[in-house]
Each structure stands twice: as C-alpha cells, then as structure tokens.
Amino acid sequence: MTTGEKLAVLRKNKGITQEQLAELLKVSRQSVSRWEMDAAFPETEKLVKLSKILDCSIDFLLNDNRQEPWSISAKITANDCFQFIRECGYFFLATSADGKPKLRPMGMLYSDGNTLFFATDKRKNLYSELTGNPSVELASYNLNTRKWIRINGRAGTEGSQKIREEMATLYPMIKQEYIGPEEIFFVIFKLLIEDIRID
C-alpha cells in the first residue's frame, strides 16, 4: 500500500473524517485529500503528528513493505471495496460449477455502506452456479495504482426493493432492460465478505 492509501485506511479505522484530521493538523481538508490520493506528501512535522493520531509508526507510513502487527486489509469496509472497484470500472467474478472454476467479467456492483451487492439475470448460468454453490471471489485491478483487490465470500439472493431501486438508479440500463414481464429475471445477490486483500 502507498502512504496515501495507508493514511486513508487508518483514518477511517479511527472514525475520523478528512475535515477532523485537517483540524487536528492545522491544514486544509484539501491537503489531507491530496495526501490520501498520493498527489502530495505531508511534511516531516505532519508525519510525526499523523503517526501519533493514527497510532502507527512513521516507518510504517513511509515504507511499502512494512506491516504493523495487525492486518490493515482486515479493516477495509464494503464501501471501500465498492469505491475501489468503481474506480476500476469492472470486476471479475469467479464461481465454481461441477468442480471447475468459472470466471467472468462483471460491471454492476453496489454498496449500501455495509454490504456489497451485484446483479445478474436468472436465465444466465451464473444464477444457477450461485444457487448451487454460493462461494465466490471478486477481483479487480486498478491501472492507476497498479493494485489488485480480491474479495472472498458467499453470495445470497437479496429481495430488498430499496436496494433494487438504488441499483437501478446507479445503473439506468437495468430499468431499460428489465421492464414488464422481463423484470422477473433480474436478480440481486448480496455478498457476505469473508476476506479482503489489496496488493
């Protein structure tokens, strides 16, 4: 992870907003945002304060290969995963059917802040594969940061009308493709996340 990525994850783990961190450091919120996007780098004095506020060593913040005793990736939220994958523009979904792995590109992903959701069509093989074996892995690669995200979990159908409406708002093609009798084929799966890795 880059210094900026570490700052963002540690800040979120502490429940501190960019504005609050900026106040503590007596800088602008835009400065914190630039640090987290690796567009700028904090001065030495600010790094010392950051290490105290975020309970980590300066060495950890500066070095890509330094790991703290706890796993930083274990603190990544479903919403963080969603933002990472949205920036990539697509993700791959791996299932298992008849003892063989199946991998396919996907596009429609959503998070309500706590859970990840993805959509498919009941007429596709993916639907029968997931109802037969709900174990999946999602993966996506960010060309800008050169980082992979891999998410393992179990998929289950989601019947919430609210989630359906929010996904349809995010992806207008859902409303265009699944209208009238076709609507019964549209299905949303929620993902119970078991493990997340960014490397």
Side-chain angles (χ1 to χ4, degrees), residues 1 5 8-9 12-13 15 17-18 36-37 71-199:
M1 293 180 102
E5 289 169 332
V9 171
K12 290 174 188 174
N13 290 346
T17 65
Q18 286 185 341
E36 292 184 358
M37 292 188 301
S71 168
I72 196 165
S73 63
K75 308 282 186 178
I76 299 170
T77 67
N79 205 50
D80 294 330
C81 295
F82 173 65
Q83 295 301 331
F84 185 108
I85 294 170
R86 284 284 288 174
E87 189 175 318
C88 298
Y90 67 96
F91 64 98
F92 293 98
L93 179 69
T95 60
S96 179
D98 301 322
K100 296 178 183 175
K102 302 268 182 140
L103 183 68
R104 62 194 40 87
M106 301 278 289
M108 290 188 284
L109 187 74
Y110 174 70
S111 172
D112 65 356
N114 302 308
T115 308
L116 283 178
F117 302 90
F118 60 91
T120 189
D121 189 305
K122 289 182 181 178
R123 296 168 289 190
K124 294 188 177 179
N125 289 339
L126 175 59
Y127 177 75
S128 58
E129 289 167 16
L130 290 173
T131 52
N133 181 351
S135 295
V136 297
E137 181 171 276
L138 276 69
S140 194
Y141 182 71
N142 188 313
L143 290 168
N144 296 323
T145 63
R146 296 189 175 142
K147 300 277 184 189
W148 277 98
I149 187 168
R150 291 175 177 84
I151 308 162
N152 289 298
R154 298 177 67 78
T157 54
E158 172 62 46
S160 164
Q161 188 61 33
K162 180 177 183 269
I163 298 298
R164 189 181 189 95
E165 288 168 6
E166 289 173 356
M167 281 198 82
T169 300
L170 188 60
Y171 302 101
M173 63 170 125
I174 292 172
K175 289 180 182 175
Q176 295 166 1
E177 192 170 336
Y178 295 99
I179 54 173
E182 297 296 307
E183 193 175 353
I184 63 166
F185 296 113
F186 180 71
V187 62
I188 298 172
F189 283 89
K190 64 183 169 189
L191 183 64
L192 174 62
I193 297 172
E194 296 171 347
D195 183 50
I196 304 168
R197 294 185 319 263
I198 295 179
D199 47 32

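Just so you know, these numbers use all the heavy atoms, side chains as well, and skip hydrogens, waters and symmetry mates.
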Once you round to the nearest 0.5 Å, how far does CD1 of Ile149 lie from CZ of Phe91?
11.5 Å

With a 3.5 Å cut-off and no angle check, do the side chains of Asn125 and Ser128 form a donor-acceptor pair?
no

Please set out all donor-acceptor pairs under 3.5 angstrom arising from side-chain atoms of residues 105-117, sequence neighbours excluded.
from	atom 1	to	atom 2	distance (Å)
Tyr110	OH	Glu166	OE1	2.3
Ser111	OG	Gly113	N	3.0
Ser111	OG	Thr115	O	3.3
Asp112	OD1	Asn114	N	2.9
Asp112	OD1	Thr115	N	2.9

According to side-chain hydrogen bond (donor to acceptor under 3.5 Å, both in side chains), who are the partners of Lys100, at least two apart in sequence or on a separate chain?
none

Any side-chain heavy atom of Leu130 within less than 4.5 Å of one from Phe118?
yes

Of the non-hydrogen atoms in Ala139 and Arg150, which two are nearest, and what is the gap between them?
CB-CG, 4.2 Å

Cys81 side, atom SG; Leu138 side, atom CG - distance, nearest 0.5 Å:
9.0 Å

Test side-chain contact (heavy atoms from CB on, under 4.5 Å) on Glu87 and Asn142 and set out the steps.
CA-CA 7 Å; Glu87 189 175 318; Asn142 188 313; 2.9 Å; yes

Is there a side-chain contact between Thr120 and Glu129 in this structure, where contact means two heavy atoms from C-beta onward sitting under 4.5 Å apart?
no

Test ring pair (Phe, Tyr, Trp, His ring centres under 6.0 Å) applied to Phe185 - qualifying residues, sequence neighbours left out
none

Is there side-chain contact between Asp80 and Ile198, with heavy atoms separated by less than 4.5 Å?
no

Residue Asp98 excluded, over 12 heavy atoms near CG under 6.0 Å:
no

Start with the C-alpha distance between Tyr90 and Tyr141, add both sets of side-chain angles, then the distance that settles side-chain contact (heavy atoms from CB on, under 4.5 Å), and finish with yes or no.
CA-CA 9 Å; Tyr90 67 96; Tyr141 182 71; 4.3 Å; yes

Mind jotting down which residue pairs meet the salt bridge (charged side-chain N to carboxylate O under 4.0 Å, His left out) criterion with at least one end in residues 185-194? Sequence neighbours excluded, please.
Glu158-Lys190

Would Phe189 and Leu191 satisfy side-chain contact (heavy atoms from CB on, under 4.5 Å), going step by step from the backbone distance to the final call?
CA-CA 7 Å; Phe189 283 89; Leu191 183 64; over 6 Å; no

Set out, in order, the CA-CA distance, both residues' side-chain angles and the distance that settles side-chain contact (heavy atoms from CB on, under 4.5 Å) for Asn152 and Arg197, then state yes or no.
CA-CA 9 Å; Asn152 289 298; Arg197 294 185 319 263; 3.6 Å; yes

Rounded to the nearest 0.5 Å, what's the gap from CG on Asn133 to NZ on Lys102? Could you check?
12.5 Å

Salt bridge (charged side-chain N to carboxylate O under 4.0 Å, His left out) partners of residues 175-187, not counting sequence neighbours, each pair once:
Arg123-Glu182, Arg164-Glu183

Can you name the residues that form a ring pair (Phe, Tyr, Trp, His ring centres under 6.0 Å) with Tyr178, not counting sequence neighbours?
Phe186

Within this structure, what is the CD1-CG distance for the pair Ile151 and Asp195, rounded to the nearest 0.5 Å?
10.0 Å

